[in-house]
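Structure first, then comments.
We number each residue from 1, following the sequence as shown. What you see below is based on every heavy atom in this structure, not just the backbone, and it leaves out hydrogens, waters and symmetry mates.
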Amino acid sequence: MDRVDLPPTVGIVACLAVLLVLVWPFAQETATSVGLYYSTGAVTPYAAGLLALVAVIVFAAGRQGRSDPSLSAGAGLVFGLFIAVISVLWAFTARVDVLGGTSALLSSQRWVLATVSLAVPLAGLWYARALRLI
C-alpha cells in the first residue's frame, strides 16, 4: 500500500465505524426508543451518519483516482469536521434516560460516537498532509 493510499483507507474505516456506532443501539433497544433517543439532542446524529456515507464515497474516489486526490482530501476533511461537530454536539445534549432499560454499555454510546467521529477529520487531515497540501 502506497503512502498516499493509507489515509483515505483509514478515512473509509473511520466513516464505517461511525455508521456502526450509530446502528449499535438498534441491536439492544426498540426502534421507537432509539428514534426518541436520537431526537433528544440539539441535532440528530442521523445527519452525521448521512455525511459519513458521503465521506466514504469521497475517500474511496480519491483513493481509486476517480476524483482529484486533493479535492477528495479537502472534501473528506470538511465532511469529517461536520461529522465530528454534529456528533460531539449531540453527545453533550442527548438524554440517555429516554431509553428505559438502558445498559451501562449503551449509556456510553454517545461518547463512543463522539470519539470515533473525531477519527474522520483526522484521516482527512492526514490525507491532505500526505498529498503535501498542508
Side-chain angles (χ1 to χ4, degrees):
M1 188 171 280
D2 191 15
R3 186 187 105 158
V4 177
D5 289 341
L6 186 59
T9 303
V10 171
I12 292 168
V13 171
C15 290
L16 293 176
V18 167
L19 293 170
L20 183 66
V21 173
L22 280 172
V23 171
W24 169 20
F26 288 100
Q28 294 181 323
E29 295 286 335
T30 65
T32 306
S33 63
V34 174
L36 180 63
Y37 170 55
Y38 280 160
S39 67
T40 61
V43 293
T44 180
Y46 291 135
L50 180 64
L51 291 174
L53 282 172
V54 174
V56 166
I57 296 167
V58 167
F59 281 122
R63 186 183 75 178
Q64 296 299 322
R66 298 185 188 276
S67 294
D68 181 30
S70 59
L71 178 66
S72 295
L77 177 60
V78 170
F79 280 125
L81 289 172
F82 277 103
I83 292 167
V85 166
I86 290 168
S87 299
V88 169
L89 181 62
W90 175 77
F92 276 104
T93 59
R95 291 184 39 212
V96 182
D97 60 337
V98 298
L99 285 173
T102 306
S103 69
L105 189 60
L106 189 57
S107 66
S108 64
Q109 182 263 352
R110 60 190 173 143
W111 302 116
V112 172
L113 177 64
T115 304
V116 168
S117 71
L118 294 175
V120 181
L122 289 176
L125 182 64
W126 183 20
Y127 192 18
R129 300 244 339 146
L131 293 171
R132 291 184 169 78
L133 299 175
I134 297 177

The side chain to side chain contact (heavy atoms under 4.5 Å, CB included) partner of Val116 among Ile83, Val21, Leu22 is Val21
Side chains of Leu113 and Pro45, heavy atoms from C-beta outward: is any pair under 4.5 Å? yes
Quick check for you: to the nearest 0.5 Å, what is the distance between Leu81 atom CG and Leu122 atom CG? 9.0 Å
Do Val18 and Leu53 sit in one hydrophobic cluster, given that two such residues count as connected whenever their side-chain heavy atoms are within less than 4.5 Å of each other, even indirectly? yes
Can you give me the closest heavy-atom contact between Ala75 and Val58, atom names plus distance? CB-CG1, 3.8 Å
hydrophobic_cluster_shared for Val85 and Phe82, side chain cutoff 4.5 Å: no
Can you tell me how far CG of Asp5 sits from OH of Tyr127, rounded to the nearest 0.5 angstrom? 7.5 Å
Pairs meeting criterion side-chain hydrogen bond (donor to acceptor under 3.5 Å, both in side chains) with involvement of residues 67-95, two or more places apart: Asp68-Ser70, Arg95-Asp97
With clusters defined by side-chain heavy atoms of hydrophobic residues (ILVMFWY) lying less than 4.5 Å apart, directly or transitively, does Leu51 cluster with Tyr46? yes
Between Tyr37 and Glu29, a side-chain donor and acceptor under 3.5 Å: no
Polar side-chain atom of Thr30 near backbone of Ser33 as donor-acceptor pair, under 3.5 Å: yes
Closest heavy-atom pair, Trp126 versus Val10, reported as atoms and distance to 0.1 Å, is CZ3-CG2, 3.5 Å
What one should report as the nearest heavy-atom pair of Ala114 and Ser117 is O-OG, 2.8 Å
What about Leu50 and Phe79, same hydrophobic cluster or not, with Ile/Leu/Val/Met/Phe/Trp/Tyr joined at side-chain heavy-atom distances under 4.5 Å? no
Answer with yes or no whether the hydrophobic clustering places Leu125 together with Val13; edges join I, L, V, M, F, W, Y residues whose side-chain heavy atoms lie under 4.5 Å apart. no
Distance-minimising heavy-atom pair for Leu19 and Gly49: CD2-O, 3.4 Å
Tyr38 atom OH, over 12 foreign heavy atoms within 6.0 Å: yes
With no hydrogens and no angle check, is any side-chain donor or acceptor of Arg110 less than 3.5 Å from a backbone partner on Ala91? yes
As an exercise, state the distance from CG of Leu131 to CG of Leu71, rounded to the nearest 0.5 Å. 11.0 Å
Kindly give the heavy-atom pair with the smallest separation between Ala84 and Leu118, and that separation in Å. CB-CD2, 3.8 Å
Assess whether atom CZ of Phe26 is packed by more than 12 heavy atoms of other residues, nucleotides or ligands within 6.0 Å. yes
Residues Val120, Phe59; criterion side-chain contact (heavy atoms from CB on, under 4.5 Å); working and verdict: CA-CA 10 Å; Val120 181; Phe59 281 122; 4.2 Å; yes
